[in-house]
Amino acid sequence: MLVVDGPLSNGIGKPVASKLDCGFVESRHALFPDGESEVGIVGPVEGEDVLIVQSTYPMQDKRLIELLLLADCAKKHGAKSIGAIIPYLAYMRQDRLFEGKGNAISINTVLEMLSFAGITSLVTVAPHNAESLSYFKGPVAIVEAAVPLAKEVKKDVSSPFVLAPDEGAMDLAGRFARALGCDYAYIEKRRDRQTGEVNILKAPKADFKGKEVIVVDDMISTGGTIAQAARFALSGGASRVITAAAHLLMVSNAYDRIKEAGIDAIYGTNTIPYGRAHMVDISNSIAAAISNKVK
Ligand code: R5P
């Protein structure tokens, strides 16, 4: 097996290769004057089971094209098989047809593109909707972020309570709460699909008094969802509110938005590096998921 570090591997490729005790090669990438990507694998891949590591946070389209081109490089240079480790997999939130939007199911399109490029197995971390990965034609390993995140958060709290900001994050909140040995609840939210504004539809009757509330989600994008939940927890008597999410996209002033709402600390994983948060390294969990599959 050979791990190929993509242009946006965030340093995850090397530790994964070392934990799996397999080969490691870098890739190179450049831009043509008109902005087209040019990539290459810096080492022989012939006869190897290649695993390409590439996260796909902004600029998502560029990162996906780089991944597809790298897969094609591996194919053209004789790799025996090609797998992708995509720590943050973009385009997961458009996972169905939305009323009146005339949209595509973007995750379906993206996963079909991976197959077309010759990628036959996939590893990803904390997907937004695990079921939509069934659009991929091949084995998929899902790496859990709740437990590694909870291990770090545990050092920072003495009276925790886990809050999911929407129903979709309820499972995650349950796993997080079990790892911390505390209770959890969830909020029912509604997002206006035109303005992006997030509102609480139904709030849980949980008692937050004196609790350090940890708002958990799969990702923080604009921070609207977390900010809403943080305000709700503080108005219910929480002594402190922190947040933990697998993927910190943190776009459009998300940091200011959640700080203004009272978030005291942010935890995330290195699927997307973010300098203002406590970063949890997910490489060990990725390597473990791969070796479990290979065994
Ligand atoms: C949506 O269902 C996701 O799980 C997140 O809650 C959402 O993407 C967060 O977006 P934002 O930070 O913009 O509210």
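Order of appearance sets the numbers: ligands from 1, and atoms from 1 within every ligand. The basis for the numbers below is simple: all heavy atoms, side chains too, and nothing from hydrogens, waters or symmetry mates. Positions are given from 1 along the sequence.
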Atoms in ligand 1 with a heavy atom of Thr225 nearer than 4.0 Å: 6 (O), 9 (C), 10 (O), 11 (P), 14 (O)
Atoms in ligand 1 with a heavy atom of Arg93 nearer than 4.0 Å: 8 (O)
Ligand-residue contact atoms, ligand 1 with Asp218, heavy atoms, under 4.0 Å: 3 (C), 4 (O), 5 (C)
Shortest reach to atom 5 (C) of ligand 1 by a heavy atom, considering only Asp217, Leu249, Asp166, Asn129: Asp217
4.0 Å heavy-atom contact, Gln228 with ligand 1: no
Modelled atom types, side-chain donor and acceptor of Lys19 and Ser283, under 3.5 Å: no
Proximity to ligand 1 by part of Ile226, non-hydrogen separation under 4.0 Å: neither
Close-contact set for ligand 1 against Met219 heavy atoms, below 4.0 Å: 5 (C), 8 (O), 9 (C)
Charged N-O contact under 4.0 Å between Lys155 and Glu152: yes
Element-labelled atoms of ligand 1 that are located less than 4.0 Å from some non-hydrogen atom of Arg191: 7 (C), 9 (C), 10 (O), 11 (P), 13 (O), 14 (O)
Contact atoms of ligand 1, heavy-atom distance to His128 under 4.0 Å: 1 (C), 2 (O), 3 (C), 4 (O)
Any donor-acceptor N or O pair under 3.5 Å, side chains Lys189, Asn199: no
For residues 80-91, dump all side-chain donor-acceptor pairs below 3.5 Å to protein atoms at least two apart in sequence or in another chain.
{"unit_1": "Ser81", "atom_1": "OG", "unit_2": "Asp49", "atom_2": "OD1", "d": "2.6"}
{"unit_1": "Tyr91", "atom_1": "OH", "unit_2": "Asp61", "atom_2": "OD1", "d": "2.4"}

Numbered atoms of ligand 1 (with element) below 4.0 Å of Thr222, judged on heavy atoms: 11 (P), 12 (O), 13 (O), 14 (O)
Contact partition for Met92 relative to ligand 1, non-hydrogen atoms under 4.0 Å: neither
Geometric class of the Phe208/Phe161 ring pair [parallel <30°, tilted 30-60°, perpendicular >60°]: perpendicular
Flag if over 12 foreign heavy atoms under 6.0 Å of NZ, Lys75: yes
Any Gly223 heavy atom less than 4.0 Å to ligand 1: yes
Within 6.0 angstrom of Phe98 CZ, more than 12 heavy atoms from elsewhere: yes
Basic-acidic side-chain contact under 4.0 Å: Arg175, Glu144: yes
